[in-house]
J.: 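I have a structure here, written as structure tokens, and I will follow up with some questions on it.
The basis for the numbers below is simple: all heavy atoms, side chains too, and nothing from hydrogens, waters or symmetry mates.
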Amino acid sequence: MHPAVRDPRIVPAAGLPVPRASLGASFPVWLRALRCAALAAALLGTVACAAVPPEGAVPPGGAGAAARAAWDGFQRGDPQPARQALAASAHGLLSPWLAYWALEPDLHRVTQAQFERFASDYPDTYVLARLRDAWLLELGQRQDWPDFAAVYPQQSAGADRQVECYELQRRFEVDGVDTSARVLELWNAPGGAGVGCNAAVSALARAGRVDQAQIWRRLQDFFRDGRVALALHFAPELPIGAWQGIDRAAHDPMSLVLRALRHGVPRDPMQHQFLVLALLRLGAQDPQQTMQLIDGSLDRLPARERALVAYHAARSAALQLMPDASRWFEQAARLDRDAPVDSTTLDWMLRAALRAQDWNTVDSVAQRLIRRDGMRPEWVYWRATAQRQLGHDDVARALYADVASPWNFYGQLATEALGLKIELPPSVAPPTAQAVAAQRARVEVRRALALYALRIYPPAAQQWSFALRGLDDGALHAAAQLACEQRAWMLCIDASERMRDTVDWNQRYAMPYRDAIAAASRRSGVSEALLFGLIRQESRFAADIKSWAGAHGLMQLMPQTASWVARKIGLDGYSPADIGHAHTNVTLGSAYLGMLLQRFDGSQAMAAAGYNAGPGRPARWRAKDSLQQLGGAVFTENIPISETRGYVERVLANATIYAARLSGQPQSLQSRLGLSTPDVAVSQPPMP
């Protein structure tokens, strides 16, 4: 995930792939300056237009500096800088954000009257929607049902799940409505165990509307997902002694297993539940031993519970790339053919079958995943591949055709599986000046651009997403053009990606910093296409962006990595302060990527994985199964870290498109996944 969306207080809206255009580079400087003068008042009063400074520069201005200080203070939990900035610019473009940063850190002390005053001052703004969500959660935690009931009807469509759970708790406690069925539905859904749903379940359980068997089943989910602290949260709703048993199952599972081995499976219902939780915990720690226990000494456990534990152990084995994972999934299915299988376990059942080249299982599990998720490209691609391996080429070709496209990793693989090269459709003509001017006139658009110009990236991305709601392709195209002209590459690419029926390649796969990237490519031997593809994923071309973990710049380098690479390549005069400079950052990042390619024999999949997760991890994954044995696509699908898996897919798909743009020729993703075409000069020094 890009660093600009990692701030816990700013949750990205659906569809915004935060962090990443030659348009801005060619835009006349004198015309940009004239436009800036015309827009200056609109963009914060004294905040300068974002298009005037060179790439990566920070706009000057007292109000801009105050807004930046307000954001920095908000990140520290200090509202005072925002209050000072708001007092000086009460009616400026960014005043809603200043007011939000001034109020939200002290939300636990806010009154209903203060919230209503904010809502009156900033109606129909993104920050009001954000504050309303937070305020409803605060009121729910306070159990302040009168004020909650007054605010809840103002919720926009798609209310936060935890807020909905608080509303269901309010209806139960105040109106006497039995809301247990809907509460349990929300609580049992993936990601449903949060403050609101937990509180609602606890209230219903105390009133006898949720029975203990339902709570025990959910605790089993928490143990499977490694969230044992959540399981302990519900101990007060269970009989006396539950906390101690749950804690023991979490932290000393073998003691409960050994007791069962000595004395048999417990008949006491609560002790029985402790044993199941302990086996789930052990399944994550030692899948092989767990499978031996449920198939041997503990075979008196009911078949449904043995299957539950076996599926979890097999999933853990698959995540650890153990060779027996696929066989253990089969064993779990034989224990109870009707046992429910959760979504994550089903995903890893397919991945384990891919590693085992068990194409019948790949086909059957892919069908289940398609029924669950719809025609997601990855599951359709793997079902098509299984059908081809099973000799049903006509079915395979039809399935490949359903998802073939140049846009994404599996669409590109499906295109090549049909015997085609990856070619880019024609680019749409640029939007008209009138369409761009219409977007420039919108206050929400200008607000996002002003935030971006001040390097306040998470709010800029959120504000931009709010501004783009409901726009058609023409308006999105114009908004993207405006952002490109302002060199707000992250926003430009995001708007362009939302276009449904047309594409503008200059926007969607922009190529700023072309000189620096080309020079780095020549020095390191890493192709321009791969560098562009990785930078697009890492930073969306925001040269001065810094992640929550401390990674800097276009290629998101950690300071210690940058210093190490600088020494390795003999970069004279390097100082840690240089890490955010575009030219230096790309020089160091490309050299580091080149070393990773050298270490992994030219495999771009492994090098990208190493760039994201550290070089040690893909080295360990390769030790489990060689890339030559699995193939690049199966290797990538089996990357155990979901963030890294998605990262590799996006970087390589990006690189394939950039290669097509740069060369004007059809491209192959498969060649990037294998070992046949190393993308780095052999002169690169070895990486320790």
Side-chain angles (χ1 to χ4, degrees), residues 132-155 157-247 249-250 266-277 280 302 304-305 308 338-343:
R132 186 185 292 118
D133 284 346
W135 183 235
L136 284 167
L137 289 172
E138 174 65 26
L139 292 173
Q141 289 175 302
R142 295 180 189 180
Q143 304 283 280
D144 180 349
W145 299 134
D147 286 341
F148 188 97
V151 177
Y152 185 78
Q154 303 164 26
Q155 271 290 91
D160 180 275
R161 181 182 299 169
Q162 304 308 317
V163 170
E164 184 180 351
C165 278
Y166 275 133
E167 166 63 5
L168 293 167
Q169 182 185 354
R170 185 200 67 80
R171 290 176 58 200
F172 172 68
E173 294 187 348
V174 177
D175 301 334
V177 178
D178 184 359
T179 57
S180 57
R182 177 59 177 162
V183 168
L184 287 171
E185 179 185 353
L186 293 170
W187 187 53
N188 285 311
V195 290
C197 295
N198 291 346
V201 169
S202 294
L204 289 161
R206 289 191 296 269
R209 300 301 177 92
V210 174
D211 64 43
Q212 293 182 4
Q214 292 168 311
I215 294 178
W216 283 115
R217 282 196 294 271
R218 191 64 170 121
L219 300 197
Q220 291 171 2
D221 294 340
F222 296 153
F223 265 68
R224 281 186 299 189
D225 295 339
R227 298 185 295 166
V228 295
L230 275 176
L232 290 166
H233 173 86
F234 288 92
E237 320 310 334
L238 297 167
I240 294 173
W243 193 96
Q244 291 86 346
I246 296 169
D247 184 67
R267 294 185 179 181
D268 176 77
M270 191 162 68
Q271 297 298 324
H272 188 102
Q273 291 290 348
F274 296 155
L275 175 61
V276 173
L277 295 179
L280 288 170
R304 177 59 54 90
E305 291 174 344
L308 171 76
D338 298 321
V341 183
D342 66 277
S343 297

J.: So Arg206 and Pro236, do their side chains get closer than 4.5 Å, heavy atoms only?
T.: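 No. Closest side-chain heavy atoms not under 4.5 Å.
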J.: Give me the atom names and distance for the closest heavy-atom approach of Phe148 to Leu136.
T.: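 Answer, listing the atom of Phe148 first, then Leu136: CE1-O, 3.4 Å.
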J.: Please assess Trp216 against Leu238 for the test side-chain contact (heavy atoms from CB on, under 4.5 Å), listing each intermediate value before the final yes or no.
T.: CA-CA 9 Å; Trp216 283 115; Leu238 297 167; 3.7 Å; yes
J.: Go through the steps to decide whether Thr179 and Gln169 satisfy the test side-chain contact (heavy atoms from CB on, under 4.5 Å), and finish with yes or no.
T.: CA-CA 7 Å; Thr179 57; Gln169 182 185 354; over 6 Å; no
J.: Would you sort out whether His272 and Leu275 count as a side-chain contact (heavy atoms from CB on, under 4.5 Å), showing the intermediate values?
T.: CA-CA 5 Å; His272 188 102; Leu275 175 61; 5.7 Å; no
J.: Hey, does Leu308 have a side-chain heavy atom less than 4.5 Å from the side chain of Arg224?
T.: yes
J.: Taking the side chain as every heavy atom from C-beta outward, state whether Pro266 and Gln273 have any pair of such atoms under 4.5 Å apart.
T.: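 Pro266 vs Gln273: side chains apart.
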J.: Where is the tightest heavy-atom contact between Ile240 and Met270, given as atom of each residue plus distance?
T.: O-CE, 3.4 Å
J.: Can you find a pair of side-chain heavy atoms, one from Val151 and one from Arg132, that are under 4.5 Å apart?
T.: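 Yes, close enough: below the 4.5 Å cut-off.
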J.: Taking the side chain as C-beta and beyond, is there a heavy-atom pair between Glu185 and Ser180 under 4.5 Å?
T.: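 Glu185 does not reach Ser180 side chain to side chain.
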J.: Can you find a side-chain donor-acceptor pair between Glu164 and Gln155 that sits under 3.5 Å?
T.: no
J.: Would you mind reporting whether Asn198 and Leu230 have side-chain heavy atoms less than 4.5 Å apart?
T.: yes
J.: Determine the minimum heavy-atom distance between Gly241 and Phe274, stating which atoms define it.
T.: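 Minimum heavy-atom separation between Gly241 and Phe274: O-CZ, 3.7 Å.
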J.: Take Asp175 and Arg170, measure what side-chain contact (heavy atoms from CB on, under 4.5 Å) needs, and give me the verdict at the end.
T.: CA-CA 7 Å; Asp175 301 334; Arg170 185 200 67 80; 3.6 Å; yes
J.: Could you pull out the closest heavy-atom pair between Leu277 and Phe223, with the gap in Å?
T.: O-CD2, 3.3 Å
J.: Can you confirm whether Val228 sits close enough to Phe222 that some side-chain heavy atom of one is under 4.5 Å from a side-chain heavy atom of the other?
T.: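 No, every pair of side-chain atoms sits at 4.5 Å or beyond.
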J.: Quick check, are the ring centers of Phe234 and Trp187 under 6.0 angstrom apart?
T.: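 Here the rings of Trp187 and Phe234 have centres that are less than 6.0 Å from each other.
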J.: Answer yes or no: does atom CZ of Arg182 have more than 12 heavy-atom neighbours from other residues, nucleotides or ligands under 6.0 Å?
T.: yes
J.: Looking only at atom types and distance, does a side-chain atom of Gln162 sit under 3.5 Å from a main-chain N or O of Gly192, one as donor and one as acceptor?
T.: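 Indeed, once roles are kept as given, a pair shorter than 3.5 Å links the two residues.
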J.: Passes salt bridge (charged side-chain N to carboxylate O under 4.0 Å, His left out), Arg227 versus Asp221? Steps please.
T.: CA-CA 8 Å; Arg227 298 185 295 166; Asp221 294 340; over 6 Å; no
